[in-house]
Number of protein chains: 2
Amino acid sequence: MDVQSDSAVEPPEMRWNGWGDPALATELPRAVRALLPLLLGRVRRPEPAPSIDEITTDDSRLGPDDLQALHSVVGRDHVHTDAETRLRRAGGRSTPDLLRRRQRRQRVPDAVVRPADHDQVGELLRIAGERGIAVIPYGGGTSVVGGVDPDAGEHGAVIAVDLARLSGLVRLDAVSGEAVLRAGTRAPEAERLLAEHGFELGHYPQSFRYATIGGFAASRSSGQNSAGHGRFDAMVTGIRMATPTGDLDLGRAPGSAAGPDLTRLVLGSEGAFGVITEVRVRVHPVPAERIVESWSFPDFATGADALRAVAQRGGGPTVIRLSDEAETGVSLAQVGRIGRALAKGASAVTVFEGEDAEHRRARTAALIAEAGGTSTGRTAAEEWARTRFDGPYLRDALLDAGVFCETLETAATWSGLHGLRAAVTDALREGFQAAGARSFIMCHVSHVYPTGASLYFTVLAGVKGDQLRTWEAVKHSVGDAIMAAGGTITHHHAVGRDHAPWLRDEIGETGIRILRAIKRELDPHGVMNPGVLIPDGRGDA
Amino acid sequence: MDVQSDSAVEPPEMRWNGWGDPALATELPRAVRALLPLLLGRVRRPEPAPSIDEITTDDSRLGPDDLQALHSVVGRDHVHTDAETRLRRAGGRSTPDLLRRRQRRQRVPDAVVRPADHDQVGELLRIAGERGIAVIPYGGGTSVVGGVDPDAGEHGAVIAVDLARLSGLVRLDAVSGEAVLRAGTRAPEAERLLAEHGFELGHYPQSFRYATIGGFAASRSSGQNSAGHGRFDAMVTGIRMATPTGDLDLGRAPGSAAGPDLTRLVLGSEGAFGVITEVRVRVHPVPAERIVESWSFPDFATGADALRAVAQRGGGPTVIRLSDEAETGVSLAQVGRIGRALAKGASAVTVFEGEDAEHRRARTAALIAEAGGTSTGRTAAEEWARTRFDGPYLRDALLDAGVFCETLETAATWSGLHGLRAAVTDALREGFQAAGARSFIMCHVSHVYPTGASLYFTVLAGVKGDQLRTWEAVKHSVGDAIMAAGGTITHHHAVGRDHAPWLRDEIGETGIRILRAIKRELDPHGVMNPGVLIPDGRGDA
């Protein structure tokens with residue numbers, strides 16, 4: 001079926017200096033407000049953040065010839081140099097990004113350019129290469145690793161290429177269960193378009209409401225339903241990318257031995273080689289059924305053993321996640337009395353959707369029970385499902401209250417998991433201690449594999465001085481600790497600029513040389529997203 | 001557990017001019033002998049093939065300095081320049097290879113070098129680069145795509161680097177279900193070593209008895225149990241490769257977003273970038289249970305719909321394969337009376353191993369029955385399982401009888417599968433017709449994915465003239481037909497030299513540029529397996 005439908009519905013524009021829909025910005029829940037002084041001591045409420053018209057930005061450095069060249073590709077109406085549009089594309093949504101959004105002087109791209117289609121993207125990149133203008137591919141703006149900073153690198157100017165107009169379903173093959181989506185399609189819009197035909201993609205990262213299909217591919221995203229549907233990598237069956245020197249159009253068959261799978265080079269390329277314009281993905285029928293169940297374990301280690309049994313013996317949950325004792329305590333405190341009664345040990349959530357769900361539930365339940373878990377009914381799991389995209393709103397409220405809050409994540413084999421968790425926890429605690437700050441560290445497992453699992457940390461800290469500088473030091477020691485403990489520097493947040501210093505440890509000098517060689521070939525002028533991925537941001541040796 | 005066990009058992013050396021264990025070479029079964037004249041007309045029995053001491057080979061082109069340099073790395077005892085050793089490493093096991101093995105003058109590598117470990121491999125590659133000696137990484141010698149031809153490219157000499165001494169289990173992590181195997185470990189030896197610890201890899205391509213772990217990785221192999229355990233790609237969690245300019249050591253976690261997954265660049269690299277020396281793989285407990293069942297469908301299309309239902313709705317077979325009407329007729333004719341009674345329509349085989357096998361069988365059976373299949377009991381499935389590695393022996397017997405026999409394979413989405421099958425069948429039939437030869441074409445599906453499946457063709461032909469030249473022309477038109485019909489040039493046999501002409505169609509000019517750029521970086525002198533993968537075999541533009 002050739003659908004060629006275009007997305008008409010735009011979600012509410014993201015808060016320029018915080019997460020998500022401005023209408024959903026929230027205050028700190030009373031339970032959290034009561035807890036914070038106990039966990040972190042007294043924290044001073046900061047000055048209110050400046051409003052958008054109080055921010056100073058530099059004028060655009062693009063000359064009239066540059067602008068003329070950009071206009072010739074996308075039309076005058078789609079090249080924006082006003083301060084507000086540029087501020088709204090000034091970075092992602094990590095905590096450092098949000099702290100920078102609270103400063104009075106901010107770095108912004110020199111223009112925001114909105115191409116309409118693949119060919120316009122290709123032409124923009126060619127021109128950018130020619131004129132030496134850096135290009136930041138901009139999708140949902142949800143990067144938490146500095147993936148969309150307006151970094152000109154060695155160039156004189158930088159543009160954000162906003163992919164919002166590349167939205168919609170290009171093609172659906174209902175027989176094969178494959179859909180081609182334009183890269184700028186936001187995830188909820190993708191699901192809406194697929195649902196019209198009875199299909200679902202089923203990729204639900206916490207950034208779901210704003211993230212785009214191209215962003216999922218560029219950053220190797222993983223969603224909450226990864227136990228059932230796999231990482232986004234595993235859903236991709238084909239990809240189209242424009243580079244400054246030519247197009248890539250990959251994926252002729254569901255399985256192939258025709259040389260290395262170059263699709264996997266585009267996945268995770270983070271805009272360093274080019275701009276992803278279309279993604280072909282595996283889709284499945286919208287599940288008719290959804291069964292949720294909550295679990296309690298005496299401790300995190302027992303829970304991890306249960307998750308391992310399920311991952312290795314194939315229980316088949318769509319979602320399985322385990323919170324450590326700290327996260328369990330805090331999350332359940334919010335549920336009220338029922339929660340408090342259960343707030344001992346470690347809690348887990350399972351969800352089953354689709355074919356044979358009841359059998360998979362029963363098998364998973366048996367494996368969990370055998371490993372020492374106790375079913376605690378549906379309440380906590382339903383609460384998790386209801387609020388699962390809301391975490392970032394809470395972070396904004398914490399920052400407003402002066403509490404530092406950030407997340408980070410890694411992964412390791414099952415045998416290395418507890419050592420890695422201890423190493424990260426120690427590095428976080430000691431890092432904040434060194435800055436004279438008390439911290440509270442929570443951890444969960446949300447992605448499991450037969451051979452290992454992810455670890456996702458949330459840290460709150462009562463930082464008295466400069467939060468940005470304090471976090472920079474803590475983050476550095478955590479990165480080193482992850483590498484020393486054999487983990488990956490990122491399981492699903494990507495490298496961006498923030499993790500680039502560790503990529504050499506992750507893939508070795510020869511790995512870096514490979515990335516540089518590819519970048520040199522596709523982007524000889526080094527205009528593509530300078531500074532992401534490759535430590536010094538350039539293809540040059 | 002650090003095992004560090006070394007392989008002691010060597011399988012019987014492969015027939016130098018045919019498949020497998022010389023003791024298992026077979027005559028044509030009576031049923032096949034009776035069938036052949038009906039299918040192909042009269043075929044003349046060729047002259048008996050020459051014995052190994054009747055073959056003329058060129059003297060080694062390596063000079064004393066070259067030999068001295070090789071000796072300095074691996075020791076004098078592991079550099080072989082005698083004709084027999086070189087003839088035994090003169091190519092793979094495609095039908096063209098076997099036809100060339102029947103010629104009186106043969107091209108061979110200038111030496112066979114047997115390094116002991118990763119470091120010796122790295123040192124050999126560095127020296128080969130320096131001295132301009134081409135290197136063919138040689139594992140099991142089971143390539144059917146010209147992947148191990150002694151091709152010196154632009155260089156003055158070529159060595160086969162035989163990895164037989166890099167055999168054994170390096171490490172087993174029983175908690176995580178991961179094993180590190182040396183690249184030269186043959187598959188049966190790998191399974192034997194893992195079974196000592198209660199584990200299985202479960203990768204069973206038809207080449208199983210001779211192929212190596214490194215070869216599986218280098219060629220992106222897929223095995224008969226792919227429905228249950230996935231392609232070899234999917235089993236690999238880490239990899240180590242020596243290149244002429246440095247080592248790669250990849251795979252820190254079961255899931256990662258740390259840039260593009262470079263492991264996937266090594267998988268399918270076919271020796272063009274370096275030599276894989278160790279592979280980390282996911283393993284699972286040796287299955288306690290095995291249930292087999294055979295199926296009959298009115299026709300291939302009905303059977304394909306049933307396989308699609310199973311792949312998309314998750315029935316969970318370990319093996320599922322469907323033979324078309326022609327293959328069904330021929331295979332069942334060999335089973336005797338029971339077979340003949342069932343030899344109408346298309347037949348399928350399912351196997352279920354491991355956890356929850358009976359439930360998965362019942363679900364798969366229900367899906368197949370719903371799609372129009374009828375269970376035919378266990379006999380045919382057991383017969384398939386018993387003889388599943390024996391096909392190549394039959395081919396030798398056919399070649400001895402003067403009958404041309406070769407296989408080829410491709411894959412497509414479910415919606416493109418029947419068009420692709422028709423296109424390949426037509427190209428095969430018309431190709432042989434143009435050479436005045438009758439042909440008999442069989443096809444099966446042996447690898448299924450939610451979005452599509454593989455197609456595997458076996459063709460017999462009564463070629464009167466030069467079989468090699470006739471096949472070259474037929475193969476060329478089949479390759480073009482596959483590309484035109486939207487299939488992949490190879491689903492699991494790899495590119496080698498034989499499929500290199502189509503790689504540009506498969507991955508585009510930008511894709512070729514990427515491969516060249518990587519090769520230029522890792523192998524600047526172009527000594528690694530010249531001619532495989534990249535159309536002109538060199539990194540140069």
Side-chain angles (χ1 to χ4, degrees), chain A residues 173 175-178 219-220 231 237 246-250 252-262 264-265 267-269 282 312-314 355-356 363 411-415 447 449-452 454 487-495 503 506-511 513-514 517-518 521 533, chain B residues 173 175-178 219-220 231 237 246-250 252-262 264-265 267-269 282 312-314 355-356 359 363 411-415 447 449-452 454 487-495 503 506-508 510-511 513-514 517-518 521 533:
Chain A
D173 176 348
V175 171
S176 309
E178 274 192 343
S219 65
R220 299 183 67 199
R231 304 169 59 85
T237 59
D247 290 348
L248 265 174
D249 203 344
L250 297 166
R252 291 181 68 89
S256 174
D261 185 355
L262 299 184
R264 309 299 133 184
L265 263 188
L267 297 173
S269 59
R282 184 188 76 207
Q312 294 183 338
R313 300 182 58 189
E355 296 275 344
D356 208 25
R363 251 183 70 72
T413 56
W414 289 110
S415 61
H447 307 273
Y449 304 84
T451 59
S454 70
T488 177
I489 194 63
T490 172
H491 170 267
H492 62 268
H493 281 171
V495 176
L503 198 63
E506 179 96 23
I507 64 174
E509 182 58 30
T510 308
R513 284 171 49 215
I514 291 173
I518 299 166
E521 178 67 32
L533 208 57
Chain B
D173 176 348
V175 171
S176 309
E178 275 192 343
S219 64
R220 298 181 69 198
R231 304 169 59 83
T237 59
D247 290 348
L248 265 173
D249 202 342
L250 297 166
R252 290 181 70 89
S256 175
D261 184 355
L262 299 184
R264 310 297 134 184
L265 263 188
L267 297 173
S269 60
R282 184 188 77 207
Q312 293 183 339
R313 299 181 59 188
E355 296 276 344
D356 209 24
H359 176 80
R363 251 184 70 73
T413 56
W414 289 110
S415 60
H447 307 273
Y449 304 85
T451 60
S454 70
T488 177
I489 194 63
T490 171
H491 170 267
H492 63 269
H493 281 170
V495 176
L503 197 64
E506 180 96 22
I507 63 173
T510 308
R513 284 171 48 215
I514 291 173
I518 298 165
E521 178 67 31
L533 209 55

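Numbers restart at 1 for each chain; the letters A, B, ... are given by sequence-line order, proteins then strands.
Listed here is the closest heavy atom pair of Pro254(A) and Thr451(B): CB-OG1, 3.3 Å. Nearest heavy atoms, Gly511(A) versus Leu248(B): N-CD2, 3.6 Å. Nearest heavy atoms, Asp173(A) versus Thr413(B): OD2-OG1, 4.2 Å. Closest heavy-atom contact between Ala411(B) and Gly255(A): CB-O, 3.7 Å. Shortest non-hydrogen contact noted between Leu533(A) and Pro260(B) is CD2-CD, 4.0 Å.
Side-chain contact between Leu265(A) and Asp261(B): absent, with no pair of heavy atoms (C-beta onward) separated by less than 4.5 Å. For the pair Asp356(A)/His359(B), a side-chain contact is recorded, criterion being any heavy-atom separation below 4.5 Å from C-beta on.
Using a 4.5 Å cut-off between heavy atoms, Ile507(A) touches chain B through backbone and side chain atoms alike. With a 4.5 Å cut-off on non-hydrogen atoms, Ala412(B) touches chain A through its backbone but not through its side chain. Heavy-atom distances place the side chain of Leu503(B), and not its backbone, under 4.5 Å from chain A. Only the side chain of Arg231(B) comes within contact range of chain A, with heavy atoms under 4.5 Å apart.
Taking Gly487(B), Gly259(B), Ser219(B), Ser454(B) one by one and counting their heavy-atom pairs under 4.5 Å with chain A, the maximum is reached by Gly259(B). When the candidates Pro450(B), Gly314(B), Gly508(B) are compared by the number of heavy-atom contacts under 4.5 Å with chain A, Pro450(B) comes out ahead. When Gly177(A), Ala258(A), Ser269(A) are compared by the number of non-hydrogen pairs under 4.5 Å with chain B, Ala258(A) comes out ahead.
Under a 3.5 Å cut-off, the side chain of Arg313(B) and the backbone N or O of Glu355(A) do not form any donor-acceptor pair. The backbone N or O of Ser415(B) lies less than 3.5 Å from a partner atom in the side chain of Ser176(A), making a donor-acceptor pair. A side-chain donor-acceptor contact under 3.5 Å links Gln312(A) to the backbone of Val175(B). At distances below 3.5 Å, at least one donor-acceptor pair connects side-chain atoms of Arg220(B) with backbone N or O atoms of Ser256(A). Although no hydrogens or angles enter the test, the distance criterion places no donor-acceptor pair under 3.5 Å between the side chain of Thr490(B) and the main chain of Ala257(A). Judged purely by atom type and a 3.5 angstrom limit, Thr510(B) uses its side chain to pair as donor or acceptor with the backbone of Asp247(A).
Taking the ring-ring contact (aromatic ring centres under 6.0 Å, His included) definition, one finds that His493(B) meets it with Tyr456(B), sequence neighbours left out.
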